[in-house]
S.K.: 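My questions all concern the structure below.
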Amino acid sequence: MEKQKVLINGERLKRTVEEFADYGRTDNNGVTRLALSEIDIKVRDHFKSDCEALGMTVKWDDMGNMYATLEGVENDKPPIVIGSHLDSVEKGGRFDGVLGVLTGLEVVRVLVENNIKPQIPIVVANITNEEGARFEPSLMASGVLSGRFDKDEMLRSTDKNGITFAESLHASGYKGNKENRLTDAKAFLELHIEQGPVLESEFINIGVVECVVGMCCYEIEVVGDSDHAGTTPMQMRKDALFATNSLINEIREQMSKLDSDLVYTIGRMNVSPNIHTVIPNKVVFTLEARHKEAATISQVEDIIQGLTESDTKEKCEVKVTKLWDRDTVWFNEKLVDALEESCRSLDYSYKRIPSGAGHDAQFIATFLPAAMVFVPSVNGKSHAEDELTSWEDCERGVNVVLQTVLDLSSI
């Protein structure tokens with residue numbers, strides 16, 4: 001099939017996004033659509049109906065992942081898969097996840113209305129429980145597909161009401177066969193909002209995602225002594241919170257000397273005994289860091305391990321425990337190049353960009369060729385009701401995927 005210059009219908013895409021946002025729309029124009037909830041089942045039904053109206057065949061696997069297939073000329077060849085997720089966090093936005101699924105739906109609509117029969121099948125995928133907002137962990141179903149997570153363990157995951165994932169999956173009507181799992185593809189393409197401020201701040205249309213960055217997460221425990229806050233002289237104290245403050249300043253000073261793309265966060269802190277008249281005797285806090293280069297993460301870990309010997313402990317003891325880590329996942333270079341070529345052919349500004357957040361594509365990339373496209377997030381907002389991406393940026397992002405699909409399906 002020769003490359004054809006066709007574009008998506010931006011107004012139709014907008015209407016479709018708003019239609020899907022009606023499933024769980026909140027008072028503040030956000031969305032609450034937890035995985036396998038009643039509203040998630042309804043939006044799945046709507047997605048299935050839209051796909052079948054286009055002549056697609058819809059199947060689902062043993063984790064509830066949905067696959068809608070548009071036949072190609074050579075149906076025995078591995079398909080091009082376009083997908084993301086339909087579930088959301090509590091009071092999330094209208095674009096996170098769902099835009100990636102509707103990208104695939106719009107691409108197929110364009111192919112069908114223009115009588116373009118792809119050389120190979122096109123599959124639009126809805127991956128179950130990406131957010132992990134109801135059942136932990138996040139990226140659950142793609143983790144099972146990739147072998148990262150044990151299926152039986154995932155089925156036992158419970159929500160706050162004690163309902164298991166297995167029970168909800170069975171009740172949903174979307175428990176399918178393992179034989180329907182995604183196991184082969186020419187490409188897996190996921191369009192997603194950036195969930196950060198970089199593209200908007202630099203006035204760039206498209207982010208061509210080169211990787212999902214590696215990270216490490218540590219728990220740091222600082223132990224001192226509790227004494228009366230009014231009677232213990234300052235020079236005689238072993239104040240765990242003062243020591244923690246000094247350590248945090250040291251962490252910032254040392255990490256600021258590393259690569260400017262490094263990000264790090266102290267996200268949780270517990271102070272004991274947490275009484276205003278008592279000197280704190282223990283502080284426990286988390287420190288996570290993210291960067292695409294393993295060497296930089298290694299430098300971070302050296303800094304963290306060195307806290308136990310720091311001169312700023314203020315007579316307190318420091319214990320460091322590694323909670324978990326992950327390696328950087330690099331996307332398929334040929335697909336990344338193909339997405340860049342589509343940006344150039346459409347005359348859209350773009351840059352290669354890493355993803356600091358996790359996405360289904362990162363697990364799928366471990367067993368299939370995969371790549372991602374980012375579109376700008378207004379003020380970098382996501383996982384919030386005021387999450388917003390302009391309709392023009394949405395349209396541009398889907399056009400990039402469409403052009404890439406046209407190119408890949410003609411080879």
Side-chain angles (χ1 to χ4, degrees), residues 10 13-35 39-40 43 84-103 127 129-134 138-139 190-213 215 260-268 286 288-292 348-362 372-398 400-401:
L13 176 67
K14 177 181 177 180
R15 288 195 305 270
T16 306
V17 171
E18 294 292 6
E19 284 175 11
F20 276 69
D22 283 337
Y23 292 88
R25 194 186 295 269
T26 65
D27 292 340
N28 294 318
N29 204 28
V31 170
T32 296
R33 194 165 54 231
L34 304 183
I39 203 68
D40 184 41
V43 82
S84 193
H85 59 98
L86 293 177
D87 67 310
S88 80
V89 298
E90 189 92 24
K91 294 184 178 180
R94 292 172 291 157
F95 301 90
D96 180 359
V98 65
L99 182 60
V101 178
L102 300 186
T103 293
I127 308 299
N129 194 31
E130 190 269 358
E131 295 289 4
R134 182 183 179 194
S138 59
L139 309 180
E190 181 174 4
L191 182 145
H192 207 280
I193 60 172
E194 182 192 354
Q195 301 179 285
V198 174
L199 295 176
E200 184 192 39
S201 67
E202 297 182 9
F203 304 100
I204 292 174
N205 299 143
I206 300 292
V208 178
V209 186
E210 58 183 355
C211 66
V212 175
V213 301
M215 62 184 297
S260 60
D261 288 335
L262 174 69
V263 294
Y264 50 94
T265 305
I266 294 172
R268 183 181 73 231
T286 58
E288 71 148 50
R290 307 185 187 211
H291 195 275
K292 65 183 180 181
Y348 296 158
S349 61
Y350 72 93
K351 68 177 293 184
R352 289 200 178 199
I353 189 171
S355 174
H359 299 282
D360 287 319
Q362 80 186 66
M372 292 189 70
V373 174
F374 277 172
V375 287
S377 296
V378 175
N379 295 321
K381 294 288 292 228
S382 181
H383 282 193
E385 292 170 303
D386 57 348
E387 168 187 285
L388 182 65
T389 293
S390 74
W391 297 116
E392 294 78 10
D393 283 331
C394 290
E395 185 175 346
R396 279 188 280 262
V398 181
V400 169
V401 175

S.K.: Determine the sole option in Leu199, Ile206, Asn205 for which the side-chain contact (heavy atoms from CB on, under 4.5 Å) test with Lys351 is passed.
M.R.: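 Option passing the side-chain contact (heavy atoms from CB on, under 4.5 Å) with Lys351: Leu199.
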S.K.: Taking side-chain contact (heavy atoms from CB on, under 4.5 Å) as the criterion, tell me which of Glu190, His359, Gln195 meets it with Phe374.
M.R.: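 The single option meeting the side-chain contact (heavy atoms from CB on, under 4.5 Å) with Phe374 is His359.
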S.K.: Within the 4.5 Å heavy-atom criterion, are His291 and Val213 side-chain neighbours or not?
M.R.: no
S.K.: Roughly how far, to the nearest 0.5 Å, is CD of Glu194 from CD1 of Ile204?
M.R.: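 CD of Glu194 is found 9.5 Å from CD1 of Ile204.
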S.K.: Would a distance-only check, ignoring hydrogens and angles, find a side-chain to backbone donor-acceptor pair under 3.5 Å from Arg352 to Glu210?
M.R.: no
S.K.: Could you work out, with side-chain hydrogen bond (donor to acceptor under 3.5 Å, both in side chains) as the rule, every residue matching Glu18, not counting sequence neighbours?
M.R.: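 If we apply the side-chain hydrogen bond (donor to acceptor under 3.5 Å, both in side chains) test to Glu18, skipping adjacent residues, the hits are Arg25, Arg94.
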S.K.: Do Leu191 and Leu99 come close enough that some side-chain heavy atom pair is under 4.5 Å?
M.R.: yes
S.K.: Quick one: closest heavy-atom pair of Ser84 and Gly100, and the distance?
M.R.: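 Nearest pair, atom of Ser84 first, then Gly100: CB-CA, 3.8 Å.
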S.K.: Does any non-hydrogen side-chain atom of Val31 lie less than 4.5 Å from one of Phe20?
M.R.: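 Phe20 does not reach Val31 side chain to side chain.
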S.K.: Locate the shortest heavy-atom distance separating Pro376 from Glu200; write the atom from each residue and the value.
M.R.: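 What the structure gives for the nearest pair is CB-N, 4.1 Å.
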S.K.: Is the backbone N or O of Gly267 less than 3.5 Å from a side-chain atom of Glu288, with the two atoms forming a donor-acceptor pair by type?
M.R.: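 Not at all, since once roles are kept as given, no pair shorter than 3.5 Å links the two residues.
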S.K.: Once rounded to the nearest 0.5 Å, what's the spacing between atom OG of Ser390 and atom NZ of Lys14?
M.R.: 11.0 Å
S.K.: Taking the side chain as C-beta and beyond, is there a heavy-atom pair between His383 and Glu131 under 4.5 Å?
M.R.: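 When only atoms from C-beta onward are counted, Glu131 and His383 do touch, with a gap below 4.5 Å.
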S.K.: Rounded at 0.5 Å granularity, tell me how far CZ in Arg33 sits from CG in Asp22.
M.R.: 10.0 Å
S.K.: Of the non-hydrogen atoms in Leu34 and Ala133, which two are nearest, and what is the gap between them?
M.R.: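 Reported closest heavy-atom pair: CD2-CB, 3.9 Å.
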S.K.: With no hydrogens and no angle check, is any side-chain donor or acceptor of Thr32 less than 3.5 Å from a backbone partner on Lys91?
M.R.: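 Present.
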S.K.: I want to check something: taking the side chain as every heavy atom from C-beta on, are Ser382 and Ile193 in contact at a cut-off of under 4.5 Å?
M.R.: yes
S.K.: Would you indicate whether the side-chain heavy atoms of His192 and Asp96 approach each other to under 4.5 Å?
M.R.: yes
S.K.: Shortest non-hydrogen contact from Thr389 to Asp393?
M.R.: CG2-CB, 3.8 Å
S.K.: Nearest 0.5 Å, what's the CD-OH distance between Glu395 and Tyr348?
M.R.: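 That separation rounds to 6.5 Å.
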S.K.: Just so I know, are the side chains of Leu139 and Glu130 near enough to count as touching, which here means a heavy-atom distance under 4.5 Å?
M.R.: yes
S.K.: I need the minimum non-hydrogen distance between Glu385 and Thr26, along with the two atoms involved.
M.R.: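 Minimum heavy-atom contact is OE2-OG1, 2.7 Å.
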